[in-house]
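Only a predicted model underlies this, so the values are computations on that prediction, with no experimental measurement involved. Start at 1 and go down the list; that is how both ligands and their atoms are numbered. By convention here, the first residue in the shown sequence is residue 1.
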Amino acid sequence: MKVLSVVGARPQFVKLAPVAEAFASTEHEHIIVHTGQHYDTRMSDVFFADLRIPDPDVHLGVGSGSHGVQTGAMLASLDTVLDAHRPDWVLVYGDTNSTLAGAISAVKMHLPVAHLEAGLRSFNRQMPEEHNRVLTDHAADLLLAPTRVAMDHLAREGLEQRSVLVGDVMTDVCFRVRDALRDREPSLPEGVQPEHGYLVATIHRAENTDDPARLRTIIKALAALPLPVLLLAHPRLVARCREHGIDLDAGVLRTTNPLPYQEMVAAVVGSRGVVTDSGGLQKEAFLLGRPCTTLRAETEWIETLEGNWNVLAPDVDQVADAAARPAPTADRGTPYGDGHASPRVVIILAKRAA
Ligand code: UD1
């Protein structure tokens, strides 16, 4: 079997890592196509190096742009790549513009498409990720769902026949990295010490970064928290703050570049909690047993809300109380699987290859 993975943005490299590893221990051919949606070394190359992902076979180098320009550039380049390889499956991941482009390109060329992390829904039609998820699920031939809730969403949309519950590949990589860290101390900037407590924060979603008034209020609220805040700044956040003269070093903020995956996991493990608008980080906090405060009105990962492990704080005034709460004691269960989803993905693809 020949499988061609299309990836392009940071969270997809994390998901690709355990899948590529699962392919490596089989006879199957696995081709990696990087769209170039994320191109900064810290957003892309370090993930391939640190998570030991083979170098991409093809790099489309599309870079940034509006949604239409970025997605269109990917579509224009993917046709020839897919035609040259004619894989048994095109495998797309998550909910970015790279996901949608991979799915549309493949379906138009009558190549079977599998969507990993299918069935997630925020039910917020303003989110670019929600458009990407829904359109990709309905275009794909095989829907690889991470959770029961995702399976239910797919069934409600009439997609049950094409759906399989495989578990969450992010659990595979998160647990593997956590176990490899053992007791290694995270490398943290000055003023951030596990023994004195700190929070890890990330902000990058359009709904939080693209309205200057909201962005200013969020940064002000983070800067006034009672603990040092290790703010891992996505390029989009840095760009918007620079544009609007918002100080990323105010108050308790300790702003650094985005971290490689291992260091991010170590930073979360050493922290008292997480404040974020990232889907991936909400779940990583949950898997690593740290309380999370989510700067959004809804979440796709609703299992994290059980027992208050994750608290939604769309209103910035709620952030201080939520972020300062202690870790809950409620059992988290294993809604995101057992850490062995990736081998299952490979087995199901092989079984269903035409
Ligand atoms: C994308 C995904 C989002 C995911 C996030 C993870 C879509 C619609 N969104 O959002 O779901 O959670 O990745 O990070 O696909 N930039 C750089 N260097 C880079 C990448 C981006 O400077 O390597 C800057 C550019 O100014 C760009 C902006 O960040 O315009 C936004 O990047 P883009 O890839 O369009 O979306 P993200 O916000 O990263």
Which of the atoms of ligand 1 are close to [X], meaning less than 4.0 Å from one of its heavy atoms?
| X | value |
| --- | --- |
| Pro11 | 6 (C) |
| Asp95 | 11 (O) |
| His67 | 8 (C) |
| Ser64 | 25 (C), 27 (C), 30 (O) |

Q) Do we get Arg121 above Phe123's six-membered ring, with its NZ or CZ under 6.0 Å from the centre and within 45° of the axis? A)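 No, Arg121 and Phe123 do not form such a contact.
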Closest protein heavy atom to [atom], given as residue, atom name and distance to 0.1 Å:
| atom | result |
| --- | --- |
| atom 17 (C) of ligand 1 | Tyr39 OH, 3.2 Å |
| atom 3 (C) of ligand 1 | Glu129 OE2, 3.2 Å |
| atom 8 (C) of ligand 1 | Asn97 OD1, 3.4 Å |
| atom 24 (C) of ligand 1 | Pro235 CB, 3.9 Å |
| atom 33 (P) of ligand 1 | Gln37 NE2, 3.9 Å |

(Q) Within the structure provided, determine whether Ser271 and Pro194 are in side-chain contact (heavy-atom separation under 4.5 Å). (A)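 Not touching, per the 4.5 Å side-chain cut-off.
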Q | Over 12 foreign heavy atoms within 6.0 Å of CD, Glu243 | A |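 Count over threshold, so yes.
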Q) Are Arg162 and Asp137 ion-paired here, with the side-chain N under 4.0 Å from a carboxylate O? A)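 Between Asp137 and Arg162 there is no salt bridge, as every charged N stays at least 4.0 Å from the carboxylate O atoms.
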Q. Is Glu129 salt-bridged to Arg205, cutoff N-O under 4.0 Å?
A.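 Yes, Glu129 and Arg205 are salt-bridged.
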Q.
Between Thr202 and His234, does the side-chain contact (heavy atoms from CB on, under 4.5 Å) criterion hold? Intermediate values first, please.
A. CA-CA 7 Å; Thr202 74; His234 185 286; over 6 Å; no
Q: Could you point out which residue of Val58, Asp57, Val7 forms a side chain to side chain contact (heavy atoms under 4.5 Å, CB included) with Val33?
A: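 By the side chain to side chain contact (heavy atoms under 4.5 Å, CB included) criterion, Val33 pairs with just one of Val58, Asp57, Val7: Val58.
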Q.
Using heavy atoms and a 4.0 Å limit, tell me yes or no: is Gln70 in contact with ligand 1?
A.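 Gln70 counts as a contact of ligand 1 under the 4.0 Å cut-off.
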Q.
Please determine whether any non-hydrogen atom of Ala239 lies less than 4.0 Å from an atom of ligand 1.
A.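 Outside the 4.0 Å threshold, so no.
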**Q.** Polar atom proximity, His204 to ligand 1 (N or O, under 3.5 Å)
**A.**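 Yes - when backbone and side-chain N and O of His204 are compared with those of ligand 1, one distance drops under 3.5 Å.
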Q) Counting only heavy atoms, which portion of Met43 has something under 4.0 Å from ligand 1: side chain, backbone, both, or neither? A)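 Near ligand 1, Met43 shows its side chain, while the N, CA, C and O stay back.
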Q: Could you tell me how the ring of Phe23 sits relative to the ring of His30: parallel (under 30°), tilted (30 to 60°) or perpendicular (over 60°)?
A: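 Rings of Phe23 and His30: parallel, under 30°.
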Q | Trp309 vs Thr304, side-chain contact (heavy atoms from CB on, under 4.5 Å): CA-CA, chis, key distance, verdict | A | CA-CA 6 Å; Trp309 281 98; Thr304 60; 5.5 Å; no
Q) Between the candidates His38, Arg236, Arg42, which shows the shortest non-hydrogen contact distance to atom 38 (O) of ligand 1? A)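 Looking at heavy atoms only, Arg236 sits closest to atom 38 (O) of ligand 1.
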